[in-house]
Amino acid sequence: MEHTKSSFYFTSKNDNWQVDYTYYIKNYYGQDHSALKVAVYLNNELYWDFDGIPNTRTDNPTKSQAKEIITDARKLYKENYKI
């Protein structure tokens, strides 16, 4: 059995955050490589979708890294939607 997804859940004030790591196979120059996508949800609605892992201090999909990714998603959301 292959591990294809990991999820981390956080609650802050009235908000529920979820970070999903999804593993998939990506083809580079004719060779298959494992890749990772990250999706961030706020109150069960897609908040931000990353095609890879943004730069974080931690390389493994951990709870600490998930918190950093939420912070990155919030910054990008504010920049993108001029909030």
Side-chain angles (χ1 to χ4, degrees):
M1 183 184 313
E2 265 188 77
H3 182 94
T4 58
K5 187 175 181 179
S6 293
S7 298
F8 292 93
Y9 302 90
F10 306 94
T11 301
S12 69
K13 297 182 184 175
N14 296 326
D15 294 327
N16 294 308
W17 292 92
Q18 177 180 339
V19 178
D20 287 342
Y21 295 92
T22 306
Y23 297 88
Y24 67 100
I25 301 298
K26 192 169 189 176
N27 191 294
Y28 290 111
Y29 303 106
Q31 294 184 356
D32 289 341
H33 297 276
S34 181
L36 192 60
K37 291 177 75 166
V38 180
V40 178
Y41 296 88
L42 173 61
N43 298 325
N44 297 321
E45 296 286 329
L46 182 63
Y47 187 78
W48 202 263
D49 195 15
F50 294 98
D51 287 333
I53 295 181
N55 289 336
T56 59
R57 289 178 270 157
T58 307
D59 290 333
N60 298 324
T62 63
K63 192 172 184 177
S64 296
Q65 184 188 49
K67 287 180 181 180
E68 290 181 44
I69 289 172
I70 290 171
T71 300
D72 288 348
R74 292 174 84 169
K75 287 178 188 175
L76 289 169
Y77 187 89
K78 286 179 182 179
E79 288 173 9
N80 210 36
Y81 296 105
K82 310 282 190 252
I83 294 176

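We're numbering straight along the sequence, starting at 1. From a predicted model like this one, the values you see are computed outputs, not experimental measurements.
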Just by distance, with hydrogens left out, do Gln18 and Asp20 show a side-chain donor and acceptor under 3.5 Å apart?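 There is such a pair between these side chains.
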Do you know which two heavy atoms are closest between Ser6 and Tyr23, and how far apart they sit?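 Smallest heavy-atom distance, with atoms named: OG-CE1, 4.4 Å.
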ring-ring contact (aromatic ring centres under 6.0 Å, His included), paired with Trp17, selected from Tyr41, Tyr9, Trp48, Tyr47: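 Checked Tyr41, Tyr9, Trp48, Tyr47 against Trp17; only one passes ring-ring contact (aromatic ring centres under 6.0 Å, His included): Tyr47.
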Connected via hydrophobic side-chain network under 4.5 Å: [X] and [Y]:
X	Y	result
Leu46	Tyr81	no
Val19	Tyr77	yes
Val38	Phe10	yes

Keeping the roles fixed (side chain from Asn16, backbone from Asn43), state whether a donor-acceptor pair exists under 3.5 Å.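 Judged by distance alone, no pair lies under 3.5 Å.
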To the nearest 0.5 Å, what is the distance between CG (Leu36) and OG1 (Thr4)?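 Going from CG on Leu36 over to OG1 on Thr4, the span is 11.0 Å.
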Hey, does Tyr21 have a side-chain heavy atom less than 4.5 Å from the side chain of Ile69?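 Yes - at least one pair of side-chain heavy atoms lies under 4.5 Å apart.
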